[in-house]
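Only this structure's heavy atoms are used, side chains among them; waters, hydrogens and symmetry mates stay out. Proteins get letters first, then strands, A, B, ... in listed order; numbering begins at 1 in each.
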Amino acid sequence: MAHGSRRMASSGRMVSGFGRIACAIAVMLLSAVAMAQAAATKVQAASTKVLSDSDCLSCHNLKASAKLQARPVSVYVNAETFQPSIHAKLGCNSCHSDIHAFPHPDPVRPVSCAGCHSSQTAAFAGSVHAIAEREKKSRFPACLNCHGNPHGMRAKTDPKSRVYPLNLPRTCGTCHGNPEIAKKYGFPDVYALYMDSIHGFALTSDGLLVAATCASCHGAHDILSRKDPKSRTFRNNVPATCGGCHAGVQVDYLAGAHGTAMMAGRPNAPVCTNCHTAHQITQVNVVNWQLKTVATCGNCHKKRLYTYRDTFHGQVTELGFVATARCWSCHGSHLILRASNLNSKVAPANLPATCGKCHHGATASFVSYEPHPNPHDRRQNPALYYAALFMNLLLLGVFLFFGLHTAMWLARSLMDKGQGARRPPATSAKKDDGVKR
Amino acid sequence: MKNNDSGRYYFRFSLGQRYLHGLVIITFLGLAATGMTLRFSERGWAKWLAEMTGGFGAVLSLHKLCAVLISAGFVYHIGDILYRAIIKKDRSLFWGPNSMTPQPKDAVDLYMMVRWFLWMGPQPEFDHFAYWEKFDYWAVFWGMAIIGISGYMMWFGPFFARLVPGYVLNIALLIHSEEALLAVWFIFIIHFFNSHLRPEKFPLDPVIFTGRLTGGEYQHERPLDYSRLDKSGALEMLRTDPPPRWLQNFSWLITVISVGIGFSLLVLTLIAFWTE
């Protein structure tokens, strides 16, 4: 204060000596009043000022406090994880807005996330998870089930966030990878399937942020049952959902026979998941998957599978080797077109090129080979039908004749042996021989 | 006719015939094992066999290797016949008791044999080749021609499709596999029984491996052949030593392996066929 008055004094150089003294007295008086006022304000603040975060933490950071531990729900806030969390800069009051002073009301009002995150909570309200949450009647916002402790919450782009793409499957897996919970609510235990899939692999072993996680297909807050026509995973919406990443495949699929049938409302038309499965999606160059999908196509194309298995292609595949033609080698995988379509890989005009991929030098004559032969169908391939008939009769004839011949020979020889009668054959044979001639 | 000729040994099969039979045994077993693996590919044993062989590529390569070897044997046999017929002017190859051509006597022998089965008459006297041996021969002959041609058609599909329509390859596979089933079952049931496993011969007739049999056996089994050779004096030309011990053991070894593989394949393919 003295320092301040001296500065004021030196600033009034023009003032006379009396004036100087008068001024100094005035300043000293004013200073005294100001000091008194400041002291008064400080006393007032102790009773009305909003509590600071450090004030709150001075109690809530005491993990070992018996008082905090005795409560039904922990009210412990870890300052170390709270400080770097996304909500730290908002301050405790932003969410716990009913607490202004200490001691505060107990219990405190539950915090609603909707205050800031209104669009997310609105989306959540119509989701499958909200239905389950309503039944649970929890005091806490359902948001925390996935997003975790609100006092340590991170941005979704933060690798420490529970909903960061690389962490999300594990977060969803706490319920969807728990066989007991899965059984209780009647949903499939999909976590393990996902982790073994190409998507799961890309995520866990390659750490790809672009790999599909749960939310990529199911959405985040507005997850609906796949039976709901608005759901991303509703059958008719699956191509668009997968097409979010696999755009080129979606174009091919929609142009192909399966996509056309799906768009036309055919209930049996396959969508992506019918062939690729929903969660256990395998890399297409994995041998076991390549072998298995022959049966997958056969789920619908039963007769085609049956006739395929009778061919060399089918036999080699059946043995467990992929060095031969399987369904999509000829028909394509996503852009599958009917043979009547001129662009189809199996259209008559395109067959030499399609077969020629493996059979170098395939001609128009070569491709009259029937890759789905049915020897029981006389109209499809009469030559094959009659060849099969002839061969069957030949086998039947030979084995009937020699079967009988052998059986009779065995019986006679055994009887001879049993009697020990090994008669020399030459005695009467000549006579009989002569008679017969 | 020597009535007590059991101590002497005579050749019934030449070395060439025995080698050819050996080649057919090895390649036929190889073709059957690899072929039936493909034919019944849906079976666990087939997958196991394919896996143990080293994959489908190895199975197919072995199949083709055996096919080429047995084809070479086939071509050699045809060449041998032509050589004997044209150069050596041996017409007995085509007609007569030493010919493989079915003779009227074969029909009579079959009739007599059936009567013998039914205790209605004595067993017929056989000549150099019995009727069932001729059937074996022709079954293998035509079987090889049919299976061989259809097999090579599939092997070189695009080439053959220039000569015939591609759908003939469908027929080729059907005939190839049906004829193969016929061959495999015929050899492993009928041939094994007729030549080796019937009570008179059980468990094996080593004559095709050693090439020789005793005079007593010869006289008993092929009386007409024996007496003709005896009369013409040719029998003495066929005189030989008893089969050496190693050759007897070798015959046993071949038989045990062949019958083992054959019966395994027979049981597996029969079960697979009836439960198809």
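- Annotation: maximal heavy-atom pairing with chain A below 4.5 Å, among B:Ile189, B:Leu197, B:Asn194, B:Leu163, occurs at B:Asn194.
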Candidate pair A:His405 and B:Ile190, rule side-chain contact (heavy atoms from CB on, under 4.5 Å), full reasoning = CA-CA 9 Å; A:His405 185 273; B:Ile190 313 294; over 6 Å; no
Go through the steps for B:Glu179 and A:Leu394 under the test side-chain contact (heavy atoms from CB on, under 4.5 Å), then give the verdict.
-> CA-CA 9 Å; B:Glu179 182 74 30; A:Leu394 180 68; 3.9 Å; yes
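- The CD atom of A:Glu370 sits 12.0 Å away from the CG atom of B:Leu169 when rounded to the nearest 0.5 Å.
- For the atom pair OG (A:Ser413) and NZ (B:Lys201), the distance works out to 11.0 Å, reported to the nearest 0.5 Å.
- Contact record, B:Pro199 with A:Leu414: CG-CD2, 3.8 Å, taken as the closest heavy-atom pair.
- For chain A, no part of B:Leu49 is nearby; none of its heavy atoms comes within less than 4.5 Å.
- B:Leu173 contributes atom CG, which lies 10.5 Å from atom NE2 of A:His313 (distance to the nearest 0.5 angstrom).
- Within the 4.5 Å cutoff, no side-chain heavy atoms of B:Pro158 are placed close to those of A:Thr363.
- With respect to chain A, the highest number of heavy-atom pairs below 4.5 Å among B:Phe117, B:Trp132, B:Phe135 belongs to B:Phe117.
- Remark: the backbone N or O of A:Val316 is not paired with any side-chain donor or acceptor of B:Ser41 at under 3.5 angstrom.
- Counting heavy-atom neighbours within 6.0 Å of A:Lys357 NZ, excluding the residue itself, gives a total above 12.
- Ion pairing of A:Glu318 with B:Arg43 is absent here, as no side-chain N (NZ or NE/NH1/NH2) approaches a carboxylate O to less than 4.0 Å.
- A:Phe390 does not touch chain B: none of its heavy atoms, backbone or side chain, sits under 4.5 Å away.
- No side-chain heavy atom of A:Asp416 sits under 4.5 Å from any side-chain heavy atom of B:Glu200.
- Only the side chain of B:Leu60 comes within contact range of chain A, with at least one heavy atom under 4.5 Å from a heavy atom of that chain.
- Top candidate by heavy-atom pairs under 4.5 Å with chain A, chosen from B:Glu42, B:Arg198, B:Arg39, is B:Arg198.
- To the nearest 0.5 Å, atoms CG (B:Leu182) and CG (A:Leu396) are separated by 11.0 Å.
- Counted within 6.0 Å of CG on A:Leu400, heavy atoms from surrounding residues, nucleotides or ligands total more than 12; the atom is thus considered enclosed.
- Of the residues considered (A:Phe321, A:Trp409, A:Tyr369), A:Trp409 shows the highest number of contacts with chain B, using heavy-atom pairs under 4.5 Å.
- Contact tally against chain B (heavy-atom pairs below 4.5 Å) for A:Asp310, A:Asn381, A:Val367: the top residue is A:Asn381.
- Counting heavy-atom neighbours within 6.0 Å of A:Phe399 CZ, excluding the residue itself, gives a total above 12.
- The closest donor-acceptor contact from the side chain of A:Ser365 to the backbone of B:Val164 lies under 3.5 Å.
- Neither the backbone nor the side chain of A:Tyr386 comes within contact range of chain B, judged by heavy atoms closer than 4.5 Å.
- Taking chain A as the reference chain and counting heavy-atom pairs below 4.5 Å, the highest number among B:Ser177, B:Gly166, B:Pro165 is found for B:Gly166.
- Put simply, the side chain of B:Asn170 never gets that close to the backbone of A:Pro373: no donor and acceptor are under 3.5 Å apart.
- Heavy atoms of B:Met113 lying under 4.5 Å from chain A belong exclusively to its side chain.
- The aromatic rings of B:Phe186 and A:Phe402 sit perpendicular, their planes meeting at an angle over 60°, well past the 30° parallel limit.
- Counted within 6.0 Å of CH2 on B:Trp48, heavy atoms from surrounding residues, nucleotides or ligands total 12 or fewer; the atom is thus considered open.
- With a threshold of 4.5 angstrom between heavy atoms, B:Ile171 approaches chain A through its backbone and through its side chain.
- Of the listed residues (A:Ala362, A:Ala388, A:Ala364, A:Ala411), the greatest number of heavy-atom pairs within a distance under 4.5 Å of chain B belongs to A:Ala388.
- Counting heavy-atom pairs under 4.5 Å between each of A:Arg309, A:His359, A:Met391 and chain B puts A:Met391 at the top.
- Contact detail for B:Glu178 and A:Asn392: the closest heavy-atom pair is OE1-OD1, 3.1 Å.
- Both the backbone and the side chain of B:Phe56 come within contact range of chain A, judged by heavy atoms closer than 4.5 Å.
- Counted within 6.0 Å of CZ on B:Phe159, heavy atoms from surrounding residues, nucleotides or ligands total 12 or fewer; the atom is thus considered open.
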